[in-house]
Amino acid sequence: MRDYDEFLNEQLWWLRVSAPVSLSELGNLPDEAKQLLSPAIWSDFFRACYERVLPAPIFWLAVIVAVAVLLKHRALIKAIDGTLKWVGKPRTDRFSYTLQALFLTLVVAAPLPLVLATAGWLLHASPQVSDLAQSLGYSVERTAVLLYILRTLRMMCLPNGLAAAHFRWPEAVVELLRVELGRMAWILLPATLFTRFALDLNPGEAGGVTFRFGFLIFHVVLALALYRLLHARRGMLANWLRVNKASLLVRIYPFSFWLLVLVPLWLVAEVFAGYIYSAVGVSTIFLRTLWLFVVLVLLHALARRSLTIARRRLAYEAAVEHREATLATRRAEEPENGGELGVEVEEPEVDITELSDDSQRLVTIAAVFAGLVGLYLIWSPLLPALRIFDDVILWYQTVTVDGEAKRLPITLADIGLALIYALGTTVLAKRLPAVLEIILLQRSAMSEGDRYTAITLTKWVIVAVGILLVLGALGAQWSQLQWLVAALGVGIGFGLQEIVANFISGLIILFERPVRVGDVVTIGNTSGIVTKVRIRATTIRDWDRKELLVPNKDIITGQVLNWTLSDEMSRVEIVVGVAYGTDVDKALTLMRQSAEEHEHVLDEPEPLLSFDSFGDNALALTLRAYLASLDHRIQTTTEL
């Protein structure tokens with residue numbers, strides 16, 4: 001039965017269900033309009049409302065909620081505007097303010113659609129009312145949904161709404177959206193109501209001429225709105241198209257633009273040619289596609305907003321640290337000021353689109369990928385041709401099920417799925433670490449080494465899962481991979497043991513962390529900072545900015561001096577030679593005073609001084625002073 005339904009669904013798209021509209025049929029329009037507006041139909045509708053809608057508690061609950069929202073309309077708008085005083089400031093801006101404004105926008109747009117949708121649903125779901133009342137109830141329900149979407153989008157385009165204040169869309173774009181949404185609401189809503197009702201009123205005649213003209217008005221208005229909104233020079237994306245001229249999306253934009261504009265007009269031609277079933281089905285799918293694009297744009301804007309807040313906060317914290325360093329330097333240079341220097345921290349102005357390249361690309365790629373998946377799910381009933389890939393068998397695999405060997409085909413569709421898995425794994429492995437680093441940077445308790453470990457392990461997990469998904473899509477099983485494992489075992493035994501040892505040592509370094517990114521280490525005759533821990537080797541940058549690649553195995557099995565493993569405190573030793581006959585006690589006192597007066601020398605443990613030896617030409621005195629970190633080691637040694 002299911003196969004039969006799918007066969008019918010595939011074939012009915014291309015069947016003509018009525019004759020093309022002729023000029024003689026246009027004369028039936030007044031009679032059909034009278035039938036549509038006849039008192040008998042509407043009296044039946046109002047009687048059904050009186051009997052089924054008004055007594056329903058859920059309807060009055062919807063009315064009470066709608067009235068309450070209308071009474072609080074100004075307060076809700078004021079609450080949306082109230083979030084603006086916190087938005088854009090690093091110290092106070094939070095993503096929760098955007099979510100709050102979004103929630104309030106959804107609430108403000110709800111009253112009338114809520115009442116209409118409730119009434120339409122009560123009529124449509126009631127078996128006691130007439131078929132015409134049910135049809136009209138369903139039409140009212142569909143119209144209420146469209147009304148809610150248009151009102152919500154228009155509320156977002158208010159001068160202090162989400163689009164302008166939170167997403168920072170250009171003022172011209174917001175104004176264009178608000179005007180076009182207002183125009184569409186006045187025409188699309190009545191056209192939706194009467195077109196659907198006309199189709200249900202005269203199903204034998206496929207809605208008659210009334211349905212066709214309502215369909216014509218709806219889709220012509222939709223095509224004009226899309227033309228004005230998406231025009232390459234005067235539309236919403238005009239500025240983006242000018243900035244990204246070299247982008248692939250920009251190159252295919254003219255084709256996409258005319259496709260979106262001409263599809264509604266093509267549907268009108270189909271309706272007047274008699275292909276009512278396919279035109280209505282494609283129209284529904286096309287509208288779902290438009291709503292999918294709207295949802296993706298909003299989610300993309302929310303994601304960029306979240307990342308921008310994180311980036312702005314990090315920039316502000318960096319400015320605060322720079323301010324503190326400036327204050328410390330000026331206090332040291334001008335102690336007579338008493339520390340009151342009056343240095344202000346300027347809150348950095350970060351544009352809403354200023355994100356790191358990797359983060360921005362990941363958000364865009366995620367939106368494109370979600371859009372492709374959504375398009376496939378929406379348009380799959382109309383694209384039976386894609387199922388031909390399931391019939392292209394490339395090879396067979398033998399699978400053991402309940403002790404019985406079965407042959408399962410690997411098709412061209414499986415290859416496409418494997419390519420999607422591979423592409424997704426590559427994109428995530430390259431772009432996700434940047435976003436994860438921004439998230440982890442907000443956790444001040446995590447050190448640089450901890451962040452690097454989390455990001456590296458995440459990347460390796462993504463790659464491992466991606467490989468498993470690709471192999472699974474291609475039909476690979478453990479029984480079929482045993483030969484590969486055996487070959488790897490032989491290879492490891494003869495020449496790959498060092499590579500495997502370095503890989504396992506890299507895992508040990510990431511988990512046990514004897515050295516971490518940012519640590520100061522000494523290996524052999526080289527001292528420097530650990531900058532990377534990769535699969536095969538660890539990178540150490542010395543003080544001359546030269547990078548040394550140390551195999552991970554040498555770090556695990558050899559001796560490594562880690563200056564900052566558990567404590568960054570270090571000690572400097574300064575040997576001073578004084579001439580014979582010098583007052584040694586006075587020299588040691590002067591050396592102690594120099595150490596105690598230096599800002600980077602710790603009071604606890606206190607500096608140590610000693611008279612070490614009689615040299616050939618001088619007496620050797622040594623100062624041992626402790627520093628809180630290695631950052632100022634060379635500078636402190638020089639100054640002492």
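For this chain, numbers begin at 1 and follow the sequence in order. FYI, side chains are in, hydrogens and waters are out, and symmetry mates aren't considered; it's all heavy atoms of this structure.
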**Q.** Donor on one side chain, acceptor on other, Thr531 and Arg541, under 3.5 Å
**A.** no
Are any of the side-chain heavy atoms of [X] and [Y] separated by less than 4.5 Å?
X: Phe59; Y: Val115; value: yes
X: Val271; Y: Leu216; value: no
X: Leu116; Y: Tyr148; value: no
X: Ile467; Y: Tyr421; value: no
X: Phe286; Y: Leu260; value: yes
X: Leu76; Y: Ile80; value: no
X: Leu102; Y: Met156; value: yes
X: Val530; Y: Thr539; value: no

Hey, what do you get for [atom1] ([X]) to [atom2] ([Y]), rounding to the nearest 0.5 Å?
X: Leu267; Y: Ile285; atom1: CG; atom2: CD1; value: 10.0 Å
X: Cys157; Y: Glu171; atom1: SG; atom2: CD; value: 12.0 Å
X: Thr118; Y: Trp60; atom1: OG1; atom2: CH2; value: 12.0 Å
X: Leu229; Y: Leu224; atom1: CG; atom2: CG; value: 11.0 Å
X: His219; Y: Leu188; atom1: NE2; atom2: CG; value: 9.5 Å
X: Phe293; Y: Leu298; atom1: CZ; atom2: CG; value: 13.5 Å

List the atom of [X], the atom of [Y], and the distance in Å for their closest heavy-atom pair.
X: Ala144; Y: Ala117; result: CB-N, 3.5 Å
X: Ala109; Y: Pro111; result: C-CD, 3.5 Å
X: Arg151; Y: Val108; result: NH2-O, 3.5 Å
X: Arg234; Y: Tyr227; result: NH2-OH, 4.0 Å
X: Leu123; Y: Cys49; result: CD1-SG, 3.8 Å
X: Ala165; Y: Asn160; result: CB-O, 4.0 Å

| field | Side chain Thr284, main chain Val280, donor-acceptor under 3.5 Å | value | yes
Legend entry - Heavy-atom donor-acceptor pair, Arg178 side chain to Arg154 backbone, under 3.5 Å: no
Run the side chain to side chain contact (heavy atoms under 4.5 Å, CB included) test on Val69 and Val107 for me, step by step, so that the C-alpha distance in whole Å, both residues' side-chain angles and the decisive distance to 0.1 Å come before the verdict. CA-CA 7 Å; Val69 172; Val107 172; 4.0 Å; yes
- Message: As a quick check of understanding, evaluate side chain to side chain contact (heavy atoms under 4.5 Å, CB included) for Leu104 and Gln100, giving each step before the final call.
- Response: CA-CA 6 Å; Leu104 293 175; Gln100 177 184 348; 4.1 Å; yes
| query | Does the pair Val465 and Thr425 meet the rule for a side chain to side chain contact (heavy atoms under 4.5 Å, CB included), with working shown? | reply | CA-CA 8 Å; Val465 172; Thr425 301; over 6 Å; no
Can you tell me if Arg228 has over 12 outside heavy atoms packed within less than 6.0 Å of its CZ? yes
* Asked: Can you check side chain to side chain contact (heavy atoms under 4.5 Å, CB included) on Leu302 and Phe95, steps first, answer last?
  -> CA-CA 9 Å; Leu302 289 172; Phe95 186 64; 4.2 Å; yes
